[in-house]
Every structure is written in structure tokens, then in C-alpha cells.
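Quantities reported herein were computed from a predicted structural model and do not represent experimental measurements.
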Amino acid sequence: MNVRCHVTAAAKFLDWLTGTGLTLSDCTQPDLERWTSDADATYRDETGHFVRWSVQHHHARGLTYGTTRWTGPLSTIDSEKRWSDARRHVSRRVPENQ
């Protein structure tokens with residue numbers, strides 16, 4: 001996830017709120033759910049991060065936004081694959097003074 005996606009998500013959600021005559025502090029759970037069901041809503045996962053941050057920092061209250069729990073890699077990586085990946089990454093390093 002890059003910062004640009006998170007900032008874009010927050011801006012788009014705030015723009016949507018403004019367009020509906022709301023501020024972040026006025027936003028209720030039904031408003032948030034209306035946004036998530038809007039066909040034009042984009043960056044839904046990233047917006048969830050913004051909503052949770054907003055609640056945690058008291059810019060909004062009473063809002064919940066579900067998350068998807070990451071369960072880790074789907075399979076184990078054998079040691080030869082790990083060493084191969086390490087060699088590949090080390091060989092791509094650029095010397096400092098160039």
C-alpha cells in the first residue's frame with residue numbers, strides 16, 4: 001500500500017461527504033454504509049484505514065469499518081528459494097557512490 005492510495009482514498013471520501021452536505025464529524029454509520037454501497041465509491045479498503053484512524057484520533061465517532069485479516073503466506077518457502085531470493089536482492093544493490 002502506498003501513501004498516495006491512502007491520501008487519495010481519504011480525499012475522495014471527504015469529497016463525497018462534502019457533496020452530501022456532511023463533515024467527517026457529522027458522518028454516521030448509515031452515511032458510511034451508503035458510501036460503501038455507492039457504485040462510484042473507490043479505494044474502499046484504503047478508506048477503511050482512514051475511517052479507523054479518524055475514529056481513533058477523535059475526528060469521527062461511532063463509525064466501524066470492517067477489515068480483512070491477513071493470514072500470512074499461503075505456503076511455506078523452502079530454504080533454497082529463500083537463499084535464491086536473497087542472492088537476487090543482493091545482486092541488485094547499487095553501490096553507494098555511484
Side-chain angles (χ1 to χ4, degrees):
M1 227 22 89
N2 67 38
V3 173
R4 186 177 309 189
C5 288
H6 287 280
V7 171
T8 300
K12 287 184 175 286
F13 179 62
L14 291 171
D15 287 346
W16 180 85
L17 285 173
T18 301
T20 59
L22 296 169
T23 64
L24 184 58
S25 61
D26 296 332
C27 185
T28 63
Q29 190 67 35
D31 296 324
L32 179 60
E33 289 171 8
R34 190 176 61 184
W35 177 82
T36 59
S37 65
D38 189 332
D40 294 330
T42 57
Y43 296 97
R44 285 183 174 89
D45 291 338
E46 293 85 355
T47 302
H49 294 285
F50 173 68
V51 169
R52 288 186 294 276
W53 177 89
S54 298
V55 170
Q56 182 180 8
H57 290 87
H58 308 288
H59 299 291
R61 62 180 177 190
L63 300 178
T64 59
Y65 201 107
T67 61
T68 303
R69 186 175 191 82
W70 185 66
T71 57
L74 298 177
S75 63
T76 58
I77 300 174
D78 66 20
S79 61
E80 188 53 42
K81 170 80 169 114
R82 261 194 302 264
W83 281 112
S84 172
D85 289 346
R87 282 190 291 275
R88 188 178 74 247
H89 290 297
V90 168
S91 68
R92 290 184 181 170
R93 293 176 78 187
V94 177
E96 280 187 32
N97 294 326
Q98 287 191 10

Quiz item: Quick one: do Leu24 and Trp53 end up in the same hydrophobic cluster if we chain Ile, Leu, Val, Met, Phe, Trp and Tyr together by side-chain heavy atoms under 4.5 Å apart?
Solution: yes
Quiz item: For His57, does the NE2 atom sit with more than 12 other heavy atoms under 6.0 Å from it, leaving out its own atoms?
Solution: yes
Quiz item: When rounded to the nearest 0.5 angstrom, what is the spacing between NE2 in His58 and OG in Ser25?
Solution: 14.0 Å
Quiz item: Would you call Asp38 and Arg34 a salt bridge, using N to O less than 4.0 angstrom?
Solution: no
Quiz item: Strictly by modelled atom types, are Thr18 and Asp15 linked by a side-chain donor-acceptor pair under 3.5 Å?
Solution: no
Quiz item: Considering all heavy atoms of both residues, which atom of Ala9 and which atom of Glu46 are nearest to each other, and what is their separation?
Solution: CB-CB, 3.5 Å
Practice problem: Take atom CZ of Arg61 as the centre, draw a 6.0 Å sphere, and report whether it contains more than 12 heavy atoms from other residues, nucleotides or ligands. | Solution: no
Self-check item: Minimum heavy-atom distance Leu63-Val51, with the two atoms named
Solution: CB-CG1, 3.9 Å
Quiz item: About how many Å separate CG of Leu32 and OG of Ser54, when rounded to the nearest 0.5 Å?
Solution: 10.0 Å
Quiz item: Under the 3.5 angstrom rule, does the side chain of Ser84 hit a backbone N or O of Glu80 as a donor-acceptor pair?
Solution: no
Exercise. Check for a donor-acceptor pair, side chain of Asp31 on one end and backbone N or O of Thr28 on the other, with a separation under 3.5 Å.
Key: yes
Exercise. Flag yes if Tyr43 and Val55 sit in one hydrophobic cluster, no otherwise; membership is Ile, Leu, Val, Met, Phe, Trp, Tyr, and two members link when side-chain heavy atoms are under 4.5 Å apart.
Key: no
Practice problem: For Phe50 and Leu14, run side-chain contact (heavy atoms from CB on, under 4.5 Å): C-alpha distance rounded to whole Å, both residues' side-chain angles, the deciding distance at 0.1 Å, then the answer. | Solution: CA-CA 10 Å; Phe50 173 68; Leu14 291 171; 4.1 Å; yes
Quiz item: What class does the angle between the rings of Trp35 and Tyr65 fall in, given that below 30° is parallel, 30 to 60° is tilted and above 60° is perpendicular?
Solution: tilted
Exercise. Without swapping roles, check the side chain of Thr36 against the backbone of Glu33 for a donor-acceptor pair under 3.5 Å.
Key: yes
